[in-house]
Amino acid sequence: MRAIIDKLELTHNLSDEEFMALLKSASPADDAKLAQRARKLRERYYGKDVYIRGLIEFTNYCRNNCYYCGIRRDNPNAQRYRLTAEQILACCDTGYQLGFRTFVLQGGEDAYFTDERLCALLQEIKQRHPDCAITLSIGERSKESYQRLFNAGADRYLLRHETANKAHYEQLHPAEMSYNHRRQCLHDLKAIGYQVGCGMMVGSPGQKTEHLIQDLRLLQELQPEMVGIGPFIPQHDTPFAQQASGTVAMTLRLLSIIRLLLPNVLLPATTALGTIDQKGREKGLLAGANVLMPNLSPTAVRKKYALYDNKICTGEEAAECIRCLAARVESTGYNIVVNRGDHPNKRGTPKT
Ligand code: SAH
């Protein structure tokens, strides 16, 4: 196993057989070695800096019906909400004061948020905070729509591919959703010039090690600027309510492997990882992650954005969250910086 880890560090690649061995049979000592190599690489590009993104969960209306997700269309127990433009702008203003220079607008696929409404919102945020980046995470749209949103000021787009295996994708989503369309969206976003994030859930129902290898191959092919991965966690009102969660160990192993594959990628230690392990986000940072995405949504709606059960940080105000997080980050030897936190290849490139 040591030879495999050395090869991964040296060449940023492995054969399928080597990936299989590493994913299936790494011992705790191997994981520690992987994490140490991943940290070394992360520090080469980012030093001790940790980038923060203010996450604004602005709507939980969704036209989709993903089997794993608590805000799926057919969940009658989801209490639906939609923030007003004023509320969203207020979140950004608060976030700015707290040191955020990236805002992530995430939501279900909500038809209320037309291109016109979103473009007006993006322009207003950019006008108020010209030194901030805006990330959108609002699912699948047409290439024309992605282009309009980009022209209106969006810099980055998060669209997890969820799984790179078509048959597995079809186990996680109803027939009305298309694996090919999601992949097309990722290619469109890249072609337009967004900094793009994809990623998969770890330990989702039916996931096999072969699927994870396909996920890693997809990352190599797409070369995303960001990769968001987190454990699958069941939500009690979904068809997957009785399924087991993904594990901390596999999520950390994959974070380290992804850092070694894509050395300068932006890699968050996610809220889902912090949910299955009290120290999950710290462990994520120590396994090669360099980004955190704390919640900036108004406290009153946080519990309603219930993608999965027992989600952390649904009670505190944004200011409390950032204080708690800063202490957690310091415990790892890293520190939060006030910075847009662009991908190194996209720094200083004016958007036209
Ligand atoms: N509607 C947007 C945003 C989705 S929510 C979109 O389609 O991209 C963001 C991510 O949360 C999803 O991409 C999925 O990977 C993750 N997620 C949803 N339900 C989850 C669950 N039960 N456990 C863990 N992660 C989940």
Side-chain angles (χ1 to χ4, degrees), residues 53 55-75 78 80 82 104-113 118 135-141 145-146 149 154 156-164 168-169 171-174 176-179 181-186 188-189 194 196-207 211 215 224 226-248 250-251 254 268-277 280 293 295 297 302 304-312:
R53 322 300 196 190
L55 181 64
I56 305 170
E57 299 160 334
F58 69 101
T59 173
N60 72 352
Y61 284 88
C62 193
R63 69 185 170 99
N64 284 333
N65 228 351
C66 310
Y67 297 138
Y68 45 85
C69 183
I71 64 168
R72 62 200 302 273
R73 176 181 78 220
D74 283 354
N75 178 5
R80 304 291 169 178
R82 180 181 288 136
V104 181
L105 302 183
Q106 190 181 82
E109 293 194 16
D110 179 354
Y112 174 85
F113 284 101
L118 285 168
T135 306
L136 292 175
S137 178
I138 50 175
E140 297 173 36
R141 300 175 81 95
S145 169
Y146 287 147
L149 299 171
R156 311 185 188 134
Y157 206 103
L158 299 178
L159 185 76
R160 289 190 180 176
H161 65 279
E162 315 297 359
T163 171
H168 186 223
Y169 188 91
Q171 273 179 269
L172 302 179
H173 303 93
E176 70 205 30
M177 292 182 71
S178 150
Y179 168 82
H181 188 254
R182 204 158 180 93
R183 294 284 296 264
Q184 184 60 47
C185 286
L186 283 166
D188 290 344
L189 289 162
Y194 282 93
V196 173
C198 64
M200 62 282 188
M201 281 181 293
V202 179
S204 58
Q207 186 175 66
H211 302 157
D215 290 321
M226 310 171 280
V227 178
I229 69 163
F232 160 75
I233 304 173
Q235 204 281 359
H236 61 277
D237 285 320
T238 63
F240 289 164
Q242 304 306 323
Q243 303 288 327
S245 293
T247 67
V248 181
M250 186 55 96
T251 307
L254 281 161
T270 55
T271 306
L273 180 57
T275 296
I276 58 164
D277 183 317
M293 299 173 62
N295 204 320
S297 313
R302 286 197 196 173
K304 299 180 185 167
Y305 199 78
L307 307 182
Y308 48 82
D309 288 339
N310 306 315
K311 196 170 150 213
I312 52 169

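Atoms within a ligand are numbered from 1 in the order they appear, just like the ligands themselves.
Looking only at heavy atoms of the protein, atom 16 (C) of ligand 1 is closest to Arg160 NH1, 3.7 Å. With hydrogens left out, the protein atom closest to atom 26 (C) of ligand 1 is Met201 SD, 3.6 Å, a heavy atom. Nearest protein heavy-atom contact of atom 11 (O) of ligand 1 is Leu307 CD1, 3.5 Å. For atom 19 (N) of ligand 1, the nearest protein heavy atom (residue, atom name, distance) is Tyr68 CD1, 3.3 Å. Of the protein's non-hydrogen atoms, Gly107 O, 3.6 Å is the one closest to atom 3 (C) of ligand 1.
The nearest protein heavy atom to atom 9 (C) of ligand 1 is closer than 4.0 Å.
Under a 4.0 Å criterion applied to the non-hydrogen atoms of Gly139, ligand 1 contributes the atoms 2 (C), 6 (C), 7 (O), 8 (O). For ligand 1, the atoms lying closer than 4.0 Å to a non-hydrogen atom of Cys69 are 19 (N). Listed by number with element, the atoms of ligand 1 under 4.0 angstrom from any heavy atom of Leu159 are 8 (O).
Among all heavy-atom pairs drawn from Arg73 and Arg63, the shortest one is NH1-O, 2.8 Å. The heavy-atom pair separating Thr163 from His211 by the smallest distance is OG1-CB, 4.4 Å. The minimum heavy-atom distance between Gln243 and Pro234, with the atom names listed, is O-CG, 3.3 Å. When all heavy atoms of Gly199 and Ile229 are compared, the pair lying nearest together is CA-CG2, 4.4 Å.
Considering CZ of Phe232 and CD of Gln207, their distance stands at 10.5 Å, rounded to 0.5 Å.
Each of Asp277, Thr247, Ile276, Thr275 was checked for a side-chain contact (heavy atoms from CB on, under 4.5 Å) with Pro231, and the lone residue meeting it is Ile276. For the pairing with Asp74, the side-chain contact (heavy atoms from CB on, under 4.5 Å) check across Asp237, Thr238, Asn65 returns one residue only, Asn65. With Ile138 as the fixed residue, the side-chain contact (heavy atoms from CB on, under 4.5 Å) test singles out one of Leu158, Asp110, Thr59, Leu118: Leu118.
Residue contact check for ligand 1: Pro231 places a non-hydrogen atom closer than 4.0 Å to it.
The N/O atoms of Ile233, backbone and side chain alike, include one that comes under 3.5 Å of an N/O atom in ligand 1. Where the criterion is an N or O separation shorter than 3.5 Å, residue side chain and backbone included, Arg182 meets it with respect to ligand 1. The N/O atoms of Gln106, backbone and side chain alike, include none that comes under 3.5 Å of an N/O atom in ligand 1.
With hydrogens and angles left out, the side-chain atoms of His173 and Tyr68 include a donor and acceptor closer than 3.5 Å.
Checked for salt-bridge contact, Glu140 and Arg182 meet the test: a charged N lies under 4.0 Å from a carboxylate O.
With a heavy-atom cut-off of 4.0 Å, Met200 does not touch ligand 1 at all. With a heavy-atom cut-off of 4.0 Å, Gln235 does not touch ligand 1 at all. The proximity of Glu162 to ligand 1, defined as any non-hydrogen pair under 4.0 Å, is limited to the side chain.
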